[in-house]
Amino acid sequence: MGGDVKKFMYVNRKAPHGTVYALESLEVVLIGAAFEQDVSVVFIDDGVFEIVKGQVTTEVEMKNFSNTYKALEMYDVEKLYVSKDSLEERGLSEDDLIVDVEVKTAAEIAALMEEQDVILSF
Amino acid sequence: MATMNVNGRELEVDEEGYLIDLSQWDRAAGEELAKSEGVEMTESHWEVIDFLREYYEEYQIAPAVRVLTKAIGKKLGPDKGNSKYLYELFPYGPAKQACKIAGLPKPTGCI
Amino acid sequence: MLHTVNKSPFEKNSLSSCLAHAKEGSAILLIEDGVYGALKGSKMAAEVQDAMGKFTLYALGPDLKARGIADKIIDGVKVIDYAGFVDLACENDKVQSWL
């Protein structure tokens with residue numbers, strides 16, 4: 001593809017099924033992966049609920065896109081960060097998540113945000 | 001809504017001929033979808049179709065060509081995990097055409 | 001009266017406001033993103049647990065399952081299905097939605 005590689009960060013702050021933000025964000029990440037940029041995905045606040053494992057959507061008759069986060073690695077999207085505070089506030093731990101992530105403090109996430117060329121918020 | 005006739009069953013398809021309800025898919029539906037694409041199905045074709053359906057089952061997404069190629073290479077070997085092989089089987093694009101035959105939605109990011 | 005809450009308590013104050021304004025003895029049903037209010041060990045859990053002395057708390061099972069938290073909820077929250085939702089709506093004279 002050539003050209004400069006930019007640092008893109010996607011910030012997810014919404015729960016998965018109540019609004020369409022989470023799914024839209026995931027689709028943008030997957031489409032954006034084709035451009036071979038330096039991508040990271042952050043889950044903060046209710047965004048951590050997007051990657052809770054064991055989601056079963058048959059009864060609500062909605063798409064269970066939580067499984068799609070497992071495909072991110074194959075799209076070379078490997079930097080997944082999760083807010084430590086957001087997990088704790090929700091009684092969750094790293095073991096409750098469907099993908100391997102790096103748990104970061106708010107200060108660490110702030111530093112990562114400063115490094116980016118582009119930040120997209122959902 | 002447009003429909004497609006498979007052995008007397010009327011299956012709903014969208015304006016581009018993609019199957020609406022992927023649970024209605026079976027080999028006969030696959031054959032019919034292949035016909036609409038002008039693809040003559042062989043065991044090699046079915047191998048890719050089966051792979052795509054398994055991939056969708058696990059990840060709930062139809063993979064981009066680049067990802068499909070890499071994943072096929074891993075599962076079926078490098079002689080099949082390359083775009084030349086896949087484009088020979090599905091001349092109008094492995095992701096787009098094979099996904100249609102497999103009864104999956106159009107891959108995300110595919111125009 | 002039946003109160004329903006469909007927003008995450010971590011994003012909006014719908015649940016807190018409902019708990020503050022509902023009359024003792026009311027039924028409170030958590031649906032959609034509202035079911036996150038039933039999460040065990042969360043920062044909302046103490047407030048919800050306190051409220052359970054005053055109200056009967058329900059959560060919609062299909063919404064809990066969709067969010068992967070069916071096995072992570074506060075003891076004593078009653079899990080109901082869609083038919084149970086209909087029953088609750090019929091048993092109560094009024095339904096108020098906290099959006």
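Everything numeric in this text was worked out from a predicted model, so none of it was measured.
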For this session: Between chain C and each of A:G54, A:P16, A:G18, A:S66, count heavy-atom pairs under 4.5 Å; write down the option with the most.
Result: A:G18

Exercise. Of all of C:S8, C:G41, C:P9, C:P62, which one pairs up most often with chain A through heavy atoms under 4.5 Å apart?
Worked result: C:P62

For this session: Go through the atoms of C:E11 and report whether side chain, backbone, both or neither lie under 4.5 Å from a heavy atom of chain A.
Result: both

Exercise. Under 6.0 Å between ring centres, would you say that holds for A:F65 and A:H17?
Worked result: yes

For this session: Side chain from CB out, backbone as N, CA, C, O: work out which of these in A:E88 comes under 4.5 Å of a heavy atom of chain C, or both, or neither.
Result: backbone

Exercise. A:D45 versus chain C, heavy atoms under 4.5 Å apart: side chain, backbone, both or neither?
Worked result: neither

For this session: Among A:K14, A:R90, A:R13, find the residue that satisfies the side chain to side chain donor-acceptor pair (under 3.5 Å) test when tested with A:D46.
Result: A:R90

Problem set entry | chain A contact via C:K40 - side chain, backbone, both or neither, heavy atoms under 4.5 Å | backbone

Exercise. Is it the side chain or the backbone of C:K72 that comes within 4.5 Å of chain A heavy atoms, both, or neither?
Worked result: side chain

Exercise. Is the A:F49 to C:Y36 ring centre distance short of 6.0 Å?
Worked result: yes

Problem set entry | Residue selection (most heavy-atom pairs with chain C, distance under 4.5 Å) from A:I98, A:D96, A:N64, A:T58 | A:D96

For this session: Check whether any side-chain heavy atom of A:T105 lies under 4.5 Å from a side-chain heavy atom of A:I109, and answer yes or no.
Result: no

Exercise. Is it the side chain or the backbone of A:L92 that comes within 4.5 Å of chain C heavy atoms, both, or neither?
Worked result: side chain

Seminar exercise, completed: Applying a strict 4.5 Å limit to non-hydrogen atoms, the region of A:V56 in contact with chain C is both

Problem set entry | Non-hydrogen side-chain atoms of C:T56 and C:K78 separated by less than 4.5 Å | yes

Seminar exercise, completed: Only one of A:K6, A:Q116, A:K79 passes side chain to side chain donor-acceptor pair (under 3.5 Å) with A:D38, and that residue is A:K79

Exercise. Are C:K54 and C:E24 ion-paired here, with the side-chain N under 4.0 Å from a carboxylate O?
Worked result: no

